[in-house]
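Notes follow the structure.
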Number of protein chains: 2
Amino acid sequence: MGRTEKPKQNTLYVGSLAKGLRLLRAFDESHTELSLSELAARSGLDKSAAQRLANTLHLEGMLEKDATTRRFRPSHAWLGMAYAYYWSDPLVAQAMPKLIELSKLIGETVNMAELSGDHIIYVSRLPCKRTSFAATVIGRRLPALSTSSGRVILSTFPPEERAAAVRDWPLRSYTPHTTLDRSEIVQAVEQAVRDGYAIARSQMLPNEIAIACPIRNPEGRALAAVQASVSALSWSEERIRAEILPALQDTAHAITAKPQR
Amino acid sequence: MGRTEKPKQNTLYVGSLAKGLRLLRAFDESHTELSLSELAARSGLDKSAAQRLANTLHLEGMLEKDATTRRFRPSHAWLGMAYAYYWSDPLVAQAMPKLIELSKLIGETVNMAELSGDHIIYVSRLPCKRTSFAATVIGRRLPALSTSSGRVILSTFPPEERAAAVRDWPLRSYTPHTTLDRSEIVQAVEQAVRDGYAIARSQMLPNEIAIACPIRNPEGRALAAVQASVSALSWSEERIRAEILPALQDTAHAITAKPQR
DNA sequence: GTCAGCGGTATCGTATTATAATACCTTGAC
DNA sequence: GTCAAGGTATTATAATACGATACCGCTGAC
């Protein structure tokens, strides 16, 4: 039960590598640069281990080290990882030109999200309006149930899977209006089943309305979603349905057509 | 002299971790999914090592494994690395809203690049027009000397550094028009010193014109650049100077003002 | 249908290599 | 000047990573 339990006690598991990865994971939105001791504390490793592993990551170009403060930061190599990821994801290359067209057409922020376990992760973001920094950054993971994209992806799953997900997947609050009542989420997902799209209000940011359409594989199951985000101060849901939804559906469907590779 | 030389023979260097990173680096734009043997070949590790390390990366969620083909691919965690990077880079958060404004204003593709050794790396891309996929992806590394951003950053360095860079930094050809003549690059950089901006034609893509302004730190040295890319088919350099340059300079300067953190 | 070859998986004895305790150094506070 | 805290370096120890090899399952040739 201890935090030190090994994922595998077998010889195909290299503990040192796994520990190095724990150091990398110690960095997040609120821990952007870490001293050796902080690194040790956050990764749960002792000082010696943190020292050796951090030093290795530094020599290998994965961590910058400030010569004066002695603190570590993610290096540009972390962006290089995203670069490699993009080439490996067949959806992105196919979607990108269509997302650009869509954003030009509607003049509002367009995102693409993929399901990653019980979260969604933004793989592409085309911000058109000033917004919070977090809303412009690639790689953000959010609880699927709290996002229009996650809900609309889920809506393409068979009923039992939907029920299990709405029951078990995690939720957390981002705004005073984030829905934490699972029965409300059931409603939203079932509405998405009927509509083929999902609209969510103020789930991640106050006064933000998000609308998402699923990107389906040939079997009809969604892998991902295209989503537009607009301000509730300038848009009514009615107008979103009239002016954004059709183009959004076209875009999502165009990505559907040529499914994999 | 062999490829197997250890970066450090000391006890602060954990070889297993470094080898794991070599596996990660085996993935790039033309190697998007790799079998175990390919992984071994590309990383220079033997089959057993590749097996153990790849398995570890898989268990740790860094590599997806296709159940049928047995091939490995980068996981969503690779995007998560970019996410963490963004929060750690003080320039990005500060620049993002201004870049969005700029792209809205000029209606053309806007990028931000940072110097990374002798390359530049794109940290932010706001594509407005259909273009090649490679031109939309963050984390792309390009030889600094071949890009308007790299040249304008270099133009803020003291003369000896400029000379050394133009002499030593790498070059490679991306289009039939990529400049490989270093004396021409000297000209371009010195022009940028005088102008405070740099224009480059067809260096990365045919019929692409890029214009870049430096983002300077308080000492006047550039850390990064803001860059716009337009089609030579619709834009003359004259019109770029008249209609894009002023806004580009404003944006770069605005990011300059509040320098670090 | 058999067989060979290839790639992926699992095992195991060995010693290389990672470990963790500790001592040493630097810095900044008081 | 002393002290504490954090970073750096060293070392003896054995735990852990190693890589040779054997096994298994698939595919294509004949």
Side-chain angles (χ1 to χ4, degrees), chain A residues 2-27 31-60 62-75, chain B residues 2-27 31-60 62-75:
Chain A
R3 47 126 69 101
T4 321
E5 56 190 331
K6 307 285 180 0
K8 289 275 167 172
Q9 194 57 278
N10 75 25
T11 81
L12 293 180
Y13 184 78
V14 180
S16 315
L17 174 53
K19 286 181 199 160
L21 298 176
R22 290 166 71 177
L23 286 195
L24 300 181
R25 286 194 275 258
F27 293 90
H31 301 88
T32 58
E33 53 170 48
L34 295 171
S35 70
L36 184 58
S37 348
E38 289 166 339
L39 217 34
R42 279 187 58 77
S43 61
L45 301 169
D46 61 45
K47 197 171 127 176
S48 293
Q51 181 190 189
R52 268 176 288 117
L53 297 163
N55 186 245
T56 306
L57 290 169
H58 177 50
L59 291 171
E60 291 296 322
M62 291 300 293
L63 290 178
E64 294 301 334
K65 186 171 187 176
D66 185 303
T68 64
T69 68
R70 264 76 254 268
R71 312 189 97 215
F72 295 95
R73 284 182 306 106
S75 77
Chain B
R3 48 124 71 102
T4 322
E5 57 191 329
K6 308 285 181 356
K8 289 276 166 168
Q9 193 58 278
N10 73 27
T11 79
L12 294 180
Y13 185 78
V14 180
S16 315
L17 174 53
K19 285 182 198 158
L21 298 176
R22 289 166 71 177
L23 285 195
L24 300 182
R25 286 194 275 259
F27 295 90
H31 301 88
T32 59
E33 52 170 49
L34 296 170
S35 69
L36 185 59
S37 348
E38 289 166 338
L39 216 34
R42 279 187 57 78
S43 61
L45 301 169
D46 61 46
K47 197 171 127 176
S48 293
Q51 181 191 189
R52 267 176 289 116
L53 296 163
N55 186 246
T56 305
L57 291 168
H58 177 51
L59 290 171
E60 292 295 322
M62 291 300 294
L63 290 178
E64 293 301 334
K65 186 172 186 177
D66 186 303
T68 64
T69 68
R70 263 79 247 275
R71 297 169 75 87
F72 294 95
R73 284 181 307 105
S75 77

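Here is how names work: the chains are called A, B, and so on, in the same order as the sequence lines, proteins then strands, and each is numbered from 1.
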What's the CZ-P distance between B:R70 and D:dC24, to the nearest Å? 16 Å
Could you tell me which residues satisfy side chain to side chain contact (heavy atoms under 4.5 Å, CB included) with A:R73, sequence neighbours excluded, listed by chain and number? A:E33, A:E64
Just the table, please: protein N/O against nucleotides 3-5 of chain D N/O, every pair under 3.5 Å.
none

Atom CZ of B:F72 to atom P of C:dG8: distance rounded to whole Å? 8 Å
Nearest whole Å is fine: how far is C:dA20 C1' from A:L36 CG? 14 Å
Separation between CE of A:M62 and CG of B:L24, rounded to the nearest 0.5 Å: 7.0 Å
What is the distance from CD of A:E38 to C1' of D:dG7, rounded to the nearest Å? 13 Å
Residue met sooner reading DNA chain D from 5', once A:L17 and B:L12 are mapped to nucleotides: B:L12
Whole-Å distance between D:dA17 P and B:L57 CG? 13 Å
Expected rows: protein N/O vs nucleotides 18-22 of chain D N/O, under 3.5 Å:
from: D:dC18; atom 1: OP1; to: B:K19; atom 2: NZ; distance (Å): 2.8
from: D:dC18; atom 1: OP2; to: B:R52; atom 2: NH1; distance (Å): 2.5
from: D:dC18; atom 1: O5'; to: B:R52; atom 2: NH1; distance (Å): 3.3
from: D:dG19; atom 1: OP2; to: B:D46; atom 2: OD2; distance (Å): 3.2
from: D:dG19; atom 1: O5'; to: B:D46; atom 2: OD2; distance (Å): 3.4
from: D:dG19; atom 1: N7; to: B:R52; atom 2: NH2; distance (Å): 3.2
from: D:dA20; atom 1: N7; to: B:S48; atom 2: OG; distance (Å): 3.3
from: D:dA20; atom 1: N6; to: B:S48; atom 2: OG; distance (Å): 3.4

Under 4.5 Å between any side-chain heavy atoms of B:L23 and B:L34, yes or no? no
Atom pair CG (B:L45) and CG (B:L39), whose distance is rounded to the nearest 0.5 Å: 8.0 Å
Close N/O contacts between protein and nucleotides 24-27 of chain C (under 3.5 Å):
none

Taken to the nearest whole Å, NE2/A:H58 to P/D:dA9 is 12 Å
Check whether any side-chain heavy atom of A:L59 sits under 4.5 Å from a side-chain heavy atom of A:T56, and report yes or no. no
Just to verify, what does B:F72 make a ring pair (Phe, Tyr, Trp, His ring centres under 6.0 Å) with, not counting sequence neighbours? none
Please report the end-to-end axis angle for the helix from C:dG1-D:dC30 to C:dC30-D:dG1, five pairs per end, rounded to 10 degrees. 40°
Check the interface with nucleotides 25-29 of chain D: list each N/O to N/O pair with the protein under 3.5 Å, or write none.
none

N/O donor-acceptor pair under 3.5 Å between A:R22 side chain and A:S43 backbone: yes
What heavy-atom pair brings A:K19 and A:L53 nearest, and what distance separates the two atoms? CB-CD1, 3.6 Å
B:S16 OG to B:R52 CZ distance, which is reported to the nearest 0.5 Å: 8.0 Å
Whole angstroms only, please: what is the CD-P distance between A:E33 and D:dG7? 12 Å
In this structure, how many angstroms lie between the P atom of C:dA10 and the CG atom of B:L59, rounded? 11 Å
Less than 4.0 angstrom between a side-chain N/O of A:R71 and OP1 or OP2 of D:dG6, yes or no? no
Can you list every salt bridge (charged side-chain N to carboxylate O under 4.0 Å, His left out) pair that touches residues 34-51 of chain B, not counting sequence neighbours? B:D28-B:R42, B:E38-B:R71
Is the shortest heavy-atom distance from the side chain of A:L21 to the side chain of B:L57 under 4.5 Å? yes
